[in-house]
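Model, not experiment: these values are computed from the prediction. All heavy atoms count here, side chains included; hydrogens, waters and symmetry mates do not. In this chain, residues are counted from 1 in sequence order.
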Amino acid sequence: MKKVLLICSVMQLFLSSCRKEKLETKPDVTPKPFYAPSTVLEEPEAEPTYHEDTATQYEYRIGKSGDYTYNYDVIGEDKKGSKVSGNITIKDKYGNGQLTNSDGKTFDVTAEWIGYGKLLTKDEKGNEYFLVAE
């Protein structure tokens, strides 16, 4: 009986030592800007190609024909229905900006057009916000 227990113990020890530990890899949850932050100007009015147009949804645009960067005021909500508002700068289909929630907290987001006047944004924690351009 002791031999059987000894053999079982040795086999269990052998089998447990053969198990490979799973390496835990945490996904990178930090948002990546869709374009270089240098395209967001601190003082866009100083840019020679600065243009405002009150007849359109965008606040202003900068750049040369076919290569514009647009700026929009936006409103929307998260998946829970909490209201947010802010400002987004877009070049082509992607951009980034800042939103403010109903508690007054301001945070950075990355943005992507998902339809006419509709944006999907994500913050650094991976929370999604559905926005419309005003």
Side-chain angles (χ1 to χ4, degrees):
M1 181 71 145
K2 289 183 181 182
K3 287 183 181 183
V4 173
L5 287 174
L6 181 62
I7 292 173
C8 288
S9 298
V10 170
M11 286 185 68
Q12 184 179 13
L13 181 64
F14 176 74
L15 290 175
S16 65
S17 67
C18 290
R19 283 190 212 158
K20 293 182 180 179
E21 289 184 28
K22 292 182 181 177
L23 298 176
E24 286 189 32
T25 58
K26 295 182 181 179
D28 185 12
V29 294
T30 57
K32 306 282 188 272
F34 290 104
Y35 64 96
S38 62
T39 59
V40 179
L41 302 174
E42 294 298 321
E43 296 179 25
E45 296 86 2
E47 176 69 29
T49 59
Y50 178 82
H51 173 73
E52 285 185 21
D53 188 351
T54 57
T56 60
Q57 283 187 320
Y58 64 84
E59 296 296 307
Y60 64 85
R61 75 173 186 219
I62 56 172
K64 297 178 182 169
S65 182
D67 189 32
Y68 291 118
T69 299
Y70 294 91
N71 182 269
Y72 297 89
D73 286 332
V74 293
I75 57 171
E77 58 187 37
D78 63 11
K79 288 184 176 182
K80 297 177 185 174
S82 300
K83 303 290 183 194
V84 294
S85 63
N87 190 274
I88 302 288
T89 301
I90 299 285
K91 182 171 181 155
D92 297 324
K93 186 177 177 179
Y94 305 103
N96 53 27
Q98 287 192 330
L99 297 179
T100 304
N101 63 16
S102 56
D103 297 333
K105 181 182 174 194
T106 301
F107 50 94
D108 293 328
V109 293
T110 55
E112 176 182 359
W113 286 115
I114 57 172
Y116 182 75
K118 298 177 183 177
L119 294 154
L120 173 64
T121 62
K122 289 184 182 181
D123 65 12
E124 61 187 19
K125 296 177 184 176
N127 300 319
E128 293 183 342
Y129 303 88
F130 300 94
L131 308 173
V132 293
E134 289 189 304

Dump the intermediate steps for side chain to side chain contact (heavy atoms under 4.5 Å, CB included) on Ile90 and Leu119, then the final yes or no.
CA-CA 10 Å; Ile90 299 285; Leu119 294 154; 3.9 Å; yes
Report yes if the side chains of Phe107 and Asn101 come closer than 4.5 Å at any heavy-atom pair, otherwise no.
yes
From NZ (Lys79) to OH (Tyr129), nearest 0.5 Å:
11.0 Å
Glu77: partners by side chain to side chain contact (heavy atoms under 4.5 Å, CB included), with sequence neighbours left out
Lys83
Side-chain contact test, heavy atoms from C-beta onward, threshold under 4.5 Å: evaluate it for Ile88 versus Val109 and give yes or no.
yes
Could you check whether any side-chain heavy atom of Glu128 comes within less than 4.5 Å of a side-chain heavy atom of Leu120, counting everything from C-beta outward?
yes
Can you tell if the side chain of Val132 reaches within under 4.5 Å of the side chain of Ile75, non-hydrogen atoms only?
yes
Do Asp108 and Asp123 come within less than 4.5 Å of each other through their side chains, counting heavy atoms only?
no
Evaluate the side chain to side chain contact (heavy atoms under 4.5 Å, CB included) criterion for residues Leu99 and Leu131: first the C-alpha distance (whole Å), next the side-chain angles of each, then the deciding distance (0.1 Å), finally the verdict.
CA-CA 10 Å; Leu99 297 179; Leu131 308 173; 3.9 Å; yes
Tyr72/Trp113 aromatic ring centres below 6.0 Å:
yes
Verify whether one side chain among Thr100 and Ser85 offers a donor that lies under 3.5 Å from an acceptor in the other.
no
So, Thr110 and Asn96: side-chain donor and acceptor under 3.5 Å apart, yes or no?
no
Do Thr69 and Thr89 come close enough that some side-chain heavy atom pair is under 4.5 Å?
yes
Run the numbers on Tyr70 and Lys91 for side chain to side chain contact (heavy atoms under 4.5 Å, CB included), then give the verdict.
CA-CA 6 Å; Tyr70 294 91; Lys91 182 171 181 155; over 6 Å; no
Contacts of Lys118 that satisfy salt bridge (Lys or Arg N to Asp or Glu O under 4.0 Å) - sequence neighbours left out
none
Classify the side-chain pair Asn127/Asp78 by whether it contains a donor and acceptor separated by less than 3.5 Å.
no
